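Following: one structure in structure tokens, then a few remarks.
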Amino acid sequence: MKPVIHLTVPGGVREVLLHCCCAPCSSAIVECLLDNDVRPTLFFCNPNIFPEEEYLRRKNECVRHATALGLAFVDADDNHDRWVAEMQGLEEEPERGRRCLRCFTMRLRETARYAAEHGFSLFATTLASSRWKDLAQIRAAGCAVAAEFPGVEFWDRNWRKEGLQERRRELIAAYRFYNQSYCGCDYSLRGADRAVRAKASKARL
């Protein structure tokens, strides 16, 4: 059932640049924004996603979602080599560690830069809808990069509450979205693979 949420939008704006990491994470947030007469432009900036087939699959699902709703979609292009270089020295960090904060900062800085260059005063991210992410890290990254671009504000909101998690599951089923099993980067993929192997090993005991 679709939750009824009355948003208080910073500055009362009616257009927001929404950094989207994938269609499942975007779905309930986009619906909530539209229900509140706020029109999001979907900004796909996720050079962390690996391998390329996974990157394209997630991007294409976001394009499909935007097209179905008549929303603008911005492809920020993939520069995975640059992302790998930015993460140098943090390869062994655990999930929710320093690597994740640096990754969020890199992606949200590009979002804030695009917002400043294209007349958006407000940006948000669907990263804040995932229970696997650290909201404090997302908040720190978003606020830090917003400070670099005068006139641009980061919408710091917890998009997990008020029934949005449940609605997300409903929309994934309704749209038949591809729903990934790991965060996106090579390091999280390795972690997911290790978890699967460990579970299988326990089952054999």
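What you see is a predicted model, and the numbers here were worked out from it, not measured in a lab.
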Polar side chain donor-acceptor pair, His19 to Asn46, under 3.5 angstrom: yes
Under a 3.5 Å distance rule, please check whether [X] uses its side chain to pair with a backbone N or O of [Y] as donor and acceptor.
{"X": "Gln137", "Y": "Gly97", "answer": "yes"}
{"X": "Glu117", "Y": "Ala112", "answer": "no"}
{"X": "Thr67", "Y": "Arg64", "answer": "no"}
{"X": "Arg99", "Y": "Glu91", "answer": "yes"}
{"X": "Glu170", "Y": "Met1", "answer": "yes"}
{"X": "Thr126", "Y": "Cys21", "answer": "yes"}
{"X": "Ser27", "Y": "Pro24", "answer": "yes"}
{"X": "Asn36", "Y": "Val9", "answer": "no"}
{"X": "Arg96", "Y": "Trp132", "answer": "yes"}
{"X": "Asp134", "Y": "Ala136", "answer": "yes"}

Group every Ile, Leu, Val, Met, Phe, Trp and Tyr by side-chain heavy-atom contacts under 4.5 Å, then state whether [X] and [Y] land in the same group.
{"X": "Val74", "Y": "Leu71", "answer": "no"}
{"X": "Phe43", "Y": "Val145", "answer": "yes"}
{"X": "Tyr187", "Y": "Leu101", "answer": "no"}
{"X": "Val16", "Y": "Phe149", "answer": "no"}
{"X": "Ile29", "Y": "Ile138", "answer": "no"}

Kindly indicate whether the side chain of [X], heavy atoms from C-beta on, has any atom under 4.5 Å from the side chain of [Y].
{"X": "Cys100", "Y": "Glu95", "result": "yes"}
{"X": "Leu18", "Y": "Thr125", "result": "no"}
{"X": "Trp83", "Y": "Asp186", "result": "no"}
{"X": "Arg39", "Y": "Leu33", "result": "no"}
{"X": "Arg57", "Y": "Glu53", "result": "no"}
{"X": "Val30", "Y": "Leu42", "result": "yes"}
{"X": "Asn48", "Y": "Met87", "result": "no"}

Working to the nearest 0.5 Å, report the span between [atom1] of [X] and [atom2] of [Y].
{"X": "Leu127", "Y": "Cys183", "atom1": "CG", "atom2": "SG", "answer": "8.0 Å"}
{"X": "Phe50", "Y": "Tyr55", "atom1": "CZ", "atom2": "OH", "answer": "14.5 Å"}
{"X": "Glu86", "Y": "Gln88", "atom1": "CD", "atom2": "CD", "answer": "10.0 Å"}
{"X": "Thr8", "Y": "Trp155", "atom1": "OG1", "atom2": "CH2", "answer": "8.5 Å"}
{"X": "Tyr175", "Y": "Ser26", "atom1": "OH", "atom2": "OG", "answer": "11.0 Å"}
{"X": "Thr111", "Y": "Phe104", "atom1": "OG1", "atom2": "CZ", "answer": "12.5 Å"}

Electrostatic pair Glu110:Arg82 at N-O distance under 4.0 angstrom: yes
Salt bridge Lys59-Asp75, side-chain N to carboxylate O under 4.0 Å: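 Salt bridge present between Lys59 and Asp75.
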Ring centre gap for Phe177 and His65 strictly below 6.0 Å: yes
Provide the closest heavy-atom pair for [X] versus [Y] in the form atom of the first, atom of the second, distance.
{"X": "Cys22", "Y": "Cys62", "answer": "C-SG, 3.5 Å"}
{"X": "Val4", "Y": "His6", "answer": "CG1-NE2, 3.8 Å"}
{"X": "His80", "Y": "Pro47", "answer": "ND1-O, 2.8 Å"}
{"X": "Val13", "Y": "Leu122", "answer": "CG2-CD2, 3.5 Å"}
{"X": "Cys32", "Y": "Leu164", "answer": "CB-CD2, 4.2 Å"}
{"X": "Ala115", "Y": "Val152", "answer": "CB-CG1, 4.2 Å"}

Geometric cation-pi criterion Arg157 and Phe123, 6.0 Å radius, 45° cone: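 The answer is no, since Arg157 fails at least one limit relative to Phe123.
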Verdict with supporting geometry, Arg160 and Lys133, side-chain contact (heavy atoms from CB on, under 4.5 Å): CA-CA 11 Å; Arg160 305 173 188 175; Lys133 302 292 187 294; 4.1 Å; yes
Step-by-step side-chain hydrogen bond (donor to acceptor under 3.5 Å, both in side chains) determination, Glu54 to Tyr178: CA-CA 10 Å; Glu54 180 74 15; Tyr178 163 63; 2.8 Å; yes
